[in-house]
Amino acid sequence: MIVCVAVVGHQNNPLYIQSFTEADDALKLHHIVHCSLDVIDERVNNPKKSGPLLNETFLGLLYPTENYKVYGYLTNTKVKFILVTTDLDVKDADVRNFFRRFHAAYGDAVSNPFHVPGKKITSRTFAESVSTIVKAFGLSSAG
Amino acid sequence: MSRASGPRSGDAIFASVERVNAELFTLTYGAIVRQLLTDLEEVEEVNKQLDQMGYNIGIRLIDEFLAKSNVSRCVDFKETADMIAKVGFKMFLGVTASVTNWDADGTCCSIVLEDNPLVDFVELPDTCQGLYYCNILSGVIRGALEMVSMKTEVTWTRDMLRGDDAFELQVKLLKQVPEEYPYKDDD
Amino acid sequence: MEEYPEELRTPPVALISLVGCSDHHPAISGHLHSLQPPMNVLALPDFSKIQAVLTKKAKEPGAGDPPSGILKRDWLLKHRTRVPAVVAAMFSSAHVSGDPAQWLQVCTELENLKAAARPRNIKLVVIVVQSSSADDINEDRMIALRKRADVDSKYLVIYTPSDASELKQSLNRLANVFVELANTYYRDEGRRMKTRVEKKSFSSIELNIRYCFKVAVYAEFRRDWVEALRFYEEAYRILREMIGTSTRLPPIQRLVEIKHVAEQLHFKVSTLLLHGGKIIEAVTWFRQHNASYKRLVGAPEAIYLHWEWMSRQFLVFAELLETSSATTQTISSVTADNPDRGLTEWEFRPAYYFQLAAHYLKKKRSSLDIALSMLVNANEIDGGAESVAPSTFVGQFARLLEQGEALSFQPIDDEEYIHYALTEGKRFQDSYEIIALFNRSYESYSNLRVQRMGSTCGLEIAKEYFLVGDFTTAKQFFDNFAHLYRQEGWVILLWEALGYSRECSKKMGAVKNFVESSLEMASLPVSSDYIQSLGFKECGPAGPPSLPERESIHKEILELVSGELGVRSLEETNDLNVTEGNPLHLEIDLVSPLRSVLLASVAFHEQTVKPGASTLMTLSLLSQLPLTTEIDQLEVQFNQSEYNFTITNAERPHSTSKITSGTQNHRVETAASLSLVTNKWLRLTYEIKSEQSGKLECISVIAKLGPHFTIFCRAESPASMDGLPLWKFEDRVETYPTKDPALAITGQKVIQVEEAEPLVDLNLGDSGAALVGESFMVPVNIAARGHDIYSGELKINLVDVKGGGLFSTRETEPSTMDGHHVELLSVAGAEWEDESQKEAEKINNIQQSFGLVSIPFLKIGDTWSCKLEIKWYRPKPVMLYVSLGYSPHGNELNAQKIHVHKSLQIEGQNPVLISHRFLLPFRRDPLLLSKMKAVSENNQFTSLPLNETSILILSAKNCTEVPLQVESLYVEVDEDCVATSCLIKPGSEDLAHSGLLVPGEEFRKVFMVIPQVNSSTLGMGTVCLRWRRHPGSGVQVSCIQEDSVLTRHKLPDVNVELAPLTITLECPPYGILGDPFTYFIKIHNQTQLLQEVKFSLADSQSFVLSGSHNGTTYVLPKSEHILSYKLVPLVSGPLQLPKVTLTSVRYSAGYQPSVNASTIFVYPSKPHLKVADQREGRTESVAAK
Amino acid sequence: MGREVSESCIDSLVTEMVFSFCNRFYADKSDLAARRIEAIGYQVGHQLSERYTMERPRFSDHLEAIKFICKDFWSEVFKKQIDNLKTNHRGTFVLQDNRFRWLSRMSVEPSLETGQEGENKATEAMSMHLYFPCGIIRGALSNLGIPCAVSADISNLPACSFVIRIKA
Amino acid sequence: MQFFGGSDISPSPPAPTAAGHNANVMYMFNRNGVCLFYREWNRPLRTLNPQQDHKLMFGLLFSLKSLTAKMDPTSADKGNLGVPQLPGQGCSFHSFRTNTYKLSFMESPSGIKIILVTHPRTGDLREALKYIYSLYVEYVTKNPVYAPGSPIRCDLFNTNLDQYVRSIS
């Protein structure tokens, strides 16, 4: 189950962060997301020489915490997407797929002429589509 | 006049004309509106300017419309309105509009759009209530009709950006202006 | 890791036992220790001990029934300290080859030893100590000994310590033997166990595990890591399966035991892996370990044991990683080559594990607290637990009972165990442990420059400190790490940190900090809409980040600063309050996080303004505080304090007390309302009128909220104002600080006040061009039209028009001292009042091109004037700048000056052009050899004949526009060449006519020159022309000066030489048409030599002549030869005499008299003039030249 | 995806945009008008680059990004690629489109334009239409993390070359 | 039909050449009677100054239209002579011929009037005029620097027009 998704701007400032848990761990999730930026920095600064991951937007598993897994995605426009899930075994394919759809949603959100680049994303439409994508992920990964 | 080759269908024309990504169009329009909002501040003023721009576009576009659609005469308002809705919208925006709500004496009707490329991605911020985002369209129609000598008044009655289920433009024919001899006879 | 017993932490070491000959033990054991790998030695002085050591104690209840534990706690230790692999019996050679009695004893001892060693099949070595290599050992005794010991001959070692080399050899020999035997021993033991494992010949899983463990350990003894690893893993696996199946112990303890064992096995495995450099495997292994035990929480009341255990796992692994050399360098490469394994770089970092260790320890603490709290009465647990202790088996605990001296363990039930564990748990103060862990994590993160993870740890540390009540430390930490969140705009995290920090300062009773952090929190961009605030229960003291929360914080502060009530609800600690006693003063600068609390932008509506003219200034305040804030009073401060003014709030008249020491005539404005609405500019526009010229800058704005609370806020120019760091990411309406957007973009908090219009005239008298050499006067007139002139000052500046600078360094002429072309000599005041020392002072501050003169006080209407005396050394146009600075009001000290500037371009030109030329005497031509040869550079030097009279003509041309009066013109012989060398005397007595030269006119004077020394370069001296401007001339009096000017002109050196021959032409001064006259050509030989001279006389149409046309003559030394001709002129007028050409054969130099030397005037008829004709002709001819 | 509109929509919109900014809102303040038009282009480019770079690996260097502009981006917007890309390898790139769509129908009658200043008028009018595409390019690049300045040159119509100077 | 019965004595021009120079002049007016465009390929004699010339031509068309409408036997409602009409209203003529030239005319509903004067023997040019109209749309109305209603000054239009006109036979 996805517990949190976040969009982080190129100055590492949070643009959108939404958690999907009833538990009171929204704050912890903030911390987790924030920390994951370190891993992203590491990955980007010395990218893995080996094959497929080179410059791919999908950064894969960033790091496991005691009971979460954190995945990352870095767009060409230096915007970071972060996904925190509780699932222990997640198929990369699912995550990739998730990020693809998420990116599309993000693209539409910033295509809103009234959205000012670099500012927090307040669009309702975006929020809605995100939650649908998140739900969809739950289903796919469950199966 | 040759009635031989009648008006062509909107789809046929749209298929034949050069086309571009709607995104480019949509975003450009959006950027223009945003710029106007920041420059002119007053929402009302922005509406006015959008309409004006639309008008200017309309008076250019009409000839393309006529040439491509092969329409030879726009004397009857009813017929013309239909033309615009069925052919005009299709051949330019690739969407079809329907004409409804004719009033008794056939001088006022509504053009209804379910789908409108202008508003993809658009979400009106709370600060811009009162903005007719698509006001350029009304301008275009007004301008185009004026070129075929119909003075009209075009107003929005429904707007999806304001939560309505469709876009509805009310087109009201004010008068038809025949062309008159422009030169004074005394010179 | 430290808590592990040494034998577990380090790989096992073989044990050798030495018996007998104890005096040799140290040497041997020393050697064995030094081996790689070392060997332990169990040294027994005499054989009697050996039994005690080796005899097995009674085997625990027969192999039949299952053992009561998995691993024996002391087993490893036993093999390290008590059960040797090899026993070495040492006998001195003396005994061996001694008398039968001794031999017998040897034998018996050997027997006993064998008896003891056999059952444990410990290997046996016999060492015969040979006291010296000299004495030999009885051969057959040796054989007998071997027989008895029945050991292979190579295990009967001769040990000779006598001399070093021998000792070494025998030591090595011993070592080899020991190693070999030890290995065989452990191999055999290992095999034994292995066969049991393979044959499944064991009664219970416990044993299975134990055997595997033993196999592994024995393998380790043999350094056979692979096998060791295999069997440890095997054991681990079996153990894992054992969970659930085993029923031996009560459930809690069972789990505890298993985990303990698992821990040991895991430790062994990961150690082996890491030391084998298999880091990836190690990490993966740990993952599995973690995964498979994480969920085994166990019984709820003992849950904290699990967390403790988990924490330890992470801690230990972290330490292993840290110590194992493999980690550090290879991480990147490692992560590189296993993207598939899904291991992330973080899992190779000890920091990661430390962090989690700490994390689990926190869990442990919390659940422990719960457990404790659930106990009915805390003291009850203390009873009965003390006698419980770790039992013989790893991970088991039992009650220790002593009957007599014998100790025995009695198993306990979980109830008791929990008690025991709780008491144990209570003994530890976890917080510091947790801090320590986080600290290690934090440090290793920050070594890697992984700041965010680091700061999370930092935050945790801070929270711990907060928990244990060390608020000062806690606050420091919180504040440090808040910074990162602030700069990256992670508002929620910032909120949490600030919340704590705020609480700290509250507890510490630090009002200022408290208010600061409160205000910052209240002004943070958190609003309930963008996070579901219910998710933030654990935000600590801050409470959930939400608008209402901000509001309540804000309210609290408002109340606090209003002084009405201090913040209560503070247990024990002293209340915070803001009162008369301790007022509160905050400062907000451009980088302060509190900018969002109060942002002051100040914009003048113009860039510049005339003094006295008034302009507008807009002061705009912005606050992001959630509630509307009432400002009691504002003070606006400028760089010129007299313009400071205060703005009071009309709605709050009572609270208008002075903020600063209220100077009288302190301006006070009243604003209708001074309430700051959230994110809405409060704009106040006031008129500013400045008398002072110069920069007027608004420095700061001081807002007064409540009687004793002020905020000092640095003013910012809208032009250069950057957005609020945190709010700039918010999607909100941003408005301009000023109504007029243009001003908002360009507005400045500084305004330039121009200086007042000068009401004083400054005039420079223009007096045409200056002449080089004269001291040129420029009159300066100052008239105080509309201002009094106080402390006036006149700046004078000379600048080269061409910008070339007024002097060039390579200027070397004496005429220009220190190379100035133009120099300001002095300022001649028309009337300095009395004080003359002032004059001196004035002259002082005059340099060549710059002058500074102070002007006496002038009342309106007064005038004052002076003359600038300037001297040109070079013709050069010059710009003269004169600027008058004065202040119209005497009274003010710091009255700013008003300036008037004037400039004048002055041409500097040469007054006269002096030229000279030399002539030889009339009709007399010396043969100057230098002329002949030096045709090329003849122009360099004029050559003069020695002792001949030559004529020098000097002319001075007036090249100015004004008439000049020449006073005198003379040649001044240089000091260096003595007067005798050459005498120059005026050829004509001094000027007949007055030397008045109109512009362009030339003045001439003739001198006779008779060189008297033969010198190639004879200094001719310097021409001195004394002149003055002609008074009559129309130029204004100003620049006429009494004393005349002396212009000097150096004459070039000349070349004086003796002419060997001179020709003199002689003929009458004039001829008459048709009447003959004689024409003599006198060739004078001045040398001591006979001179052969060829001569020729050309024909001429104008004359009929008689005499030889050409020929050769010889002229005797110091004598002269005369050629004479009769000539009859045929025409009249100036005629050219027939041309003579002479050629000196000796010098092969031909020459002719100059043309004009050989002309004669022929009158048509005899003229009737008698006298002065001589002179007439002369001057005339001179003039002709 | 793949939604399309008639080309004359965008053409007439851009034309009208330029017209009204130059002749209505900022008449005789052509520099202001230019800045606005450029800003509009900037926003469009910014948004387009976000959309068009989805699904593709990140660019490792400036050149890659520029190539992206030349190929994919250009063909998305103008249905053709840039014809010629030049660079001095010190942060300046020249992108030439031999037949720039938005200029393809632009023409004046030189003969009738009275002399020099007429020419200038015409060229100025044309150049006004270049701020928009320049803005687009700048917006796109800066969104890709490449701050730069973009100018255009139409010395030989209908070819048009855009000069990109990357701010180091 | 023949207007202004030009006396037949006047020699008719040479027979039309297959390709090439059959077009003499062309006018374009917009709905306000502004002459947007005038171009001549072959007009040996020129009598009036351009303004008058354009005015005359527009006047001719204007009255001619109302005339033809007035004469229309088919339509019931006959506006009085000189009463203005909507573009495309009533009947409309599309060409007339004299012995010396043929004038072809088309008017778009937007009031754009295109007049092409050609050799008398040139055929029906209605399609040609339509094509010219489309040229106008393509190269004039879509020319960003062309201001609607102003005289047409577009290279591309001229060149394309010339090229096309040359093909008229």
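Numbered from 1 within each chain, the chains take letters A, B, ... in sequence-line order. Quick note: numbers below take in every heavy atom, side chains included, and nothing from hydrogens, waters or symmetry partners.
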Can you tell me if Y131(E) has over 12 outside heavy atoms packed within less than 6.0 Å of its OH?
no
Can you tell me how far apart CE (M106(D)) and NZ (K142(E)) are? Round to the nearest 0.5 Å.
14.5 Å
Are there more than 12 heavy atoms of other residues, nucleotides or ligands under 6.0 Å from atom CZ of F162(D)?
yes
Can you measure from CG (D11(D)) to CG (N143(E)) and round to the nearest 0.5 angstrom?
11.0 Å
With side chain to side chain contact (heavy atoms under 4.5 Å, CB included) as the test, would you mind laying out the steps for H129(D) and V145(E) before giving the verdict?
CA-CA 9 Å; H129(D) 287 264; V145(E) 291; 4.3 Å; yes
Is it the case that atom CZ in R99(D) sees more than 12 heavy atoms from other parts of the structure closer than 6.0 Å?
no
